[in-house]
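Just so you know, ligand 1 is whichever comes first in the structure, and atom 1 is the first atom listed for that ligand.
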Amino acid sequence: MKTLLLNPATDPEALPRAAELLRSGELVAFPTETVYGLGGCVFNAEAIARIFAVKGRPADNPLIVHIAAPEQAAQVAAELPPTYWLLAEHFFPGPLTVVLRRHPAVPPIVSGGLDTVALRMPRHPIALELIRLTGEPLAAPSANRSGRPSPTCAAHVLEDLDGAIAAVVDGGACEIGLESTVVNLLSSPPVILRPGAITAEQLARVLGEPVTYWQGEELAATPSPGMKYRHYAPNARVLLVFSWEELQHVLRTEPLTSSIVLAPEAAPFPLKLPLRPLRAETLYAEFRAADRAGIRSIVVVCTPEVQRNAALMDRLRKAAAARPEEQP
Ligand code: TXA
Ligand code: MG
């Protein structure tokens, strides 16, 4: 299959074409404000099965359903509790995914067999227009092969999926660069299953009740099946350091010709070394670039400012814990 690269900035037919492909059961990758998603029509179980196949995604790892208006949630969720409307009012469109009861019309395969469904309304104009033109919600996991860093530009999608999907809609680089916050609204109080740009404090303020982070000691018992899989990992080994002393210590044993250091731009840097910027927006692009360059180790300097960013630390810890042979 030849994968089309569609650009709405230069081609007025790009989005109508993409919507037509989706309606005929094809898979189309599209930009959101977080990362690129791999879309398929949510009510088309055969298209959804192909999403799992082309990604190499384990069948029990559920997908996120994307909607273009808060009311459209009624098509995929069995009930919309008051907490849903509160959060939708404050954070939709935006990088927040909510877990609710699944509507019986949504094929179970979308949710990896669970009776729940995760949904969000993205903030990207291309994503919203594509959902509207298609006329139904789109199930869309991140558009990477399972275990690879999520794509934050069209070229990353092609790196993983060229020839395996019908089209990629090019919307340039993603604004946020890390996946949405996932919050389970079926538990009381609500629990964050995956940290993202919307923080626990922001959610708690709007809901008027505490919001906690899922402490996944027992990974097999996690309510968010995706969390038990190794994620966000480059081929290179990722080493986290928390001080300049620790960095100097690590660099004594790492082969400098095949290592890079990621650190926040504002950080004072005492060593003469190739230094790459550490920012949420560009983390996955840095991981992919390191792999293309054959880098063996990526040393990440986690300053106090980085440590306060729950989403960034979550992805860094997962990348540091992962080994390629352990990935699905
Ligand atoms: O920012 C994002 O959320 C991006 C863009 C494309 O929207 N999507 C994304 O999808 O990151 P994916 O499939 O890579 O991650 C979905 C996460 C997984 O951790 C999965 O386990 C969790 O959401 N999830 C999905 N449905 C769930 C459910 N019913 N219950 C609990 N967790 C669920
Ligand atoms: Mg993903």
Q. What distance do R145 atom CZ and E159 atom CD have between them, rounded to the nearest 0.5 Å?
A. 11.5 Å
Q: Identify, by atom number and element, the atoms of ligand 1 in contact range of P141, meaning under 4.0 Å from any of its heavy atoms.
A: 10 (O), 12 (P), 13 (O)
Q. Taking NZ, NE, NH1 and NH2 as the nitrogens, is one of them in E201 or R205 under 4.0 Å from a carboxylate oxygen of the other?
A. no
Q.
Please check whether T32 reaches ligand 1 - meaning an N/O of the residue sits under 3.5 Å from an N/O of the ligand, judged on distance alone.
A. no
Q) Does even one non-hydrogen atom of R102 get within less than 4.0 Å of ligand 1? A) no
Q. For ligand 1, which atoms sit closer than 4.0 Å to a heavy atom of N61?
A. 18 (C), 20 (C), 21 (O)
Q.
Once you restrict to heavy atoms under 4.0 Å, what part of T34 touches ligand 1? Side chain, backbone, both or neither.
A. side chain
Q. What do you reckon, does S142 have a nitrogen or oxygen under 3.5 Å from a nitrogen or oxygen of ligand 1?
A. yes
Q | Carboxylate-amine/guanidinium proximity below 4.0 Å for D11 and R17 | A | no
Q) Which atoms of ligand 1 are found less than 4.0 Å from any heavy atom of L193? A) 31 (C), 32 (N)
Q: Report the part of L63 (side chain from C-beta onward, or backbone N, CA, C, O) that has a heavy atom under 4.0 Å from ligand 1; answer both or neither where that applies.
A: backbone
Q: May I ask you to identify, for R57, whether its side chain, its backbone, both or neither come under 4.0 Å of ligand 1 on a heavy-atom basis?
A: side chain
Q) Is S180 touching ligand 1 with its side chain, its backbone, both, or neither, if touching means heavy atoms under 4.0 Å apart? A) both
Q. Which option out of L100, T97, T116, V183 puts a heavy atom nearest to atom 29 (N) of ligand 1?
A. T116
Q | Option nearest atom 15 (O) of ligand 1 (shortest heavy-atom distance, choices H66, K55, E179, R194) | A | R194
(Q) With a 4.0 Å cut-off on N to O distance, would you call R132 and E129 a salt bridge? (A) yes
**Q.** Check: E26 and E20 side chains under 4.5 Å, non-hydrogen atoms
**A.** no
**Q.** Sub-4.0 Å atoms of ligand 1 with respect to non-hydrogen atoms of V99
**A.** 30 (N), 31 (C)
**Q.** Minimum heavy-atom distance T34-C174, with the two atoms named
**A.** O-CB, 3.3 Å
Q: Kindly compute the distance separating CG (L87) from OG1 (T97), expressed to the nearest 0.5 Å.
A: 11.5 Å
Q. Counting heavy atoms not belonging to E305, are there more than 12 under 6.0 Å from its CD?
A. no
Q: Kindly compute the distance separating CG (L161) from CE (M1), expressed to the nearest 0.5 Å.
A: 11.0 Å
Q: Flag S142 as yes if one of its N/O/S atoms falls below 2.8 Å of the Mg ion (ligand 2), otherwise no.
A: yes
Q: Using a strict cut-off of 4.0 Å, indicate which atoms of ligand 1 neighbour a heavy atom of G37.
A: 6 (C)
**Q.** Exercise: do S150 and E179 side chains pair donor with acceptor under 3.5 Å
**A.** yes
Q | Where ligand 1 meets A118 - atom numbers and elements under 4.0 angstrom, heavy-atom basis | A | 25 (C), 26 (N), 27 (C), 29 (N)
